[in-house]
Amino acid sequence: MKIYLLSKENSAFLETHKTFEHVLTRVKQINKTHFDNNHFNFFGANGDKPYTIDSICLTREVDKKETYTLFFIRCIDSNTGELCEL
């Protein structure tokens, strides 16, 4: 079984999810309630291949300047504790 971790850069924020779809639903909720609700993309280390570590950048305007917040997604094999592909 895979476990998906969602964490915020430089923060104690950490959530676990059972599926990638749950992560996506949660990110959409966070984007709507705490950010500007604009379109966002997933980023990863391997270009267009399956990623072992992904990130999402959400934005909001503060004092007429856009600020960016990075969220990381990690997929872990619950049996071995190893990072695995999404």
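Everything quoted here is computed from the prediction, not taken from an experiment.
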Sequence-distant partners of F13, ring pair (Phe, Tyr, Trp, His ring centres under 6.0 Å), two or more places apart: F71

Go through the structure and list residues passing side-chain contact (heavy atoms from CB on, under 4.5 Å) with T25, not counting sequence neighbours. none

For the atom pair NE2 (H17) and OG1 (T19), what is the distance rounded to the nearest 0.5 Å? 9.0 Å

Partners passing side-chain contact (heavy atoms from CB on, under 4.5 Å) against L24 (at least two apart in sequence or in another chain): K28, F40, F42

Is there a side-chain contact between E9 and T69 in this structure, where contact means two heavy atoms from C-beta onward sitting under 4.5 Å apart? no

Rounded to the nearest 0.5 Å, what separates atom CZ in R60 from atom CG in N38? 13.0 Å

Can you list everything that forms a side-chain hydrogen bond (donor to acceptor under 3.5 Å, both in side chains) with T59? Sequence neighbours excluded, please. D36

Is any side-chain heavy atom of L14 less than 4.5 Å from a side-chain heavy atom of L5? yes

Non-hydrogen side-chain atoms of I56 and L70 separated by less than 4.5 Å: no

Run the salt bridge (charged side-chain N to carboxylate O under 4.0 Å, His left out) test against R26 and tell me which residues pass, sequence neighbours left out. E15

Contacts of D77 meeting side-chain hydrogen bond (donor to acceptor under 3.5 Å, both in side chains) (sequence neighbours excluded), chain-then-number -> none

I need the H22 NE2 to L6 CG distance, nearest 0.5 Å. 13.5 Å

Can Y4 be reached from F72 by stepping across I, L, V, M, F, W or Y side chains whose heavy atoms are under 4.5 Å apart? no

Would you say the side chain of C84 lies within less than 4.5 Å of the side chain of K2, judging by non-hydrogen atoms? yes

Checking N10 now: which residues fulfil side-chain hydrogen bond (donor to acceptor under 3.5 Å, both in side chains) with it, not counting sequence neighbours? none

How far does CG of L83 sit from SG of C75, to the nearest 0.5 angstrom? 8.5 Å

Sequence neighbours left out, what passes side-chain hydrogen bond (donor to acceptor under 3.5 Å, both in side chains) with N41? Give chain and number order. H39

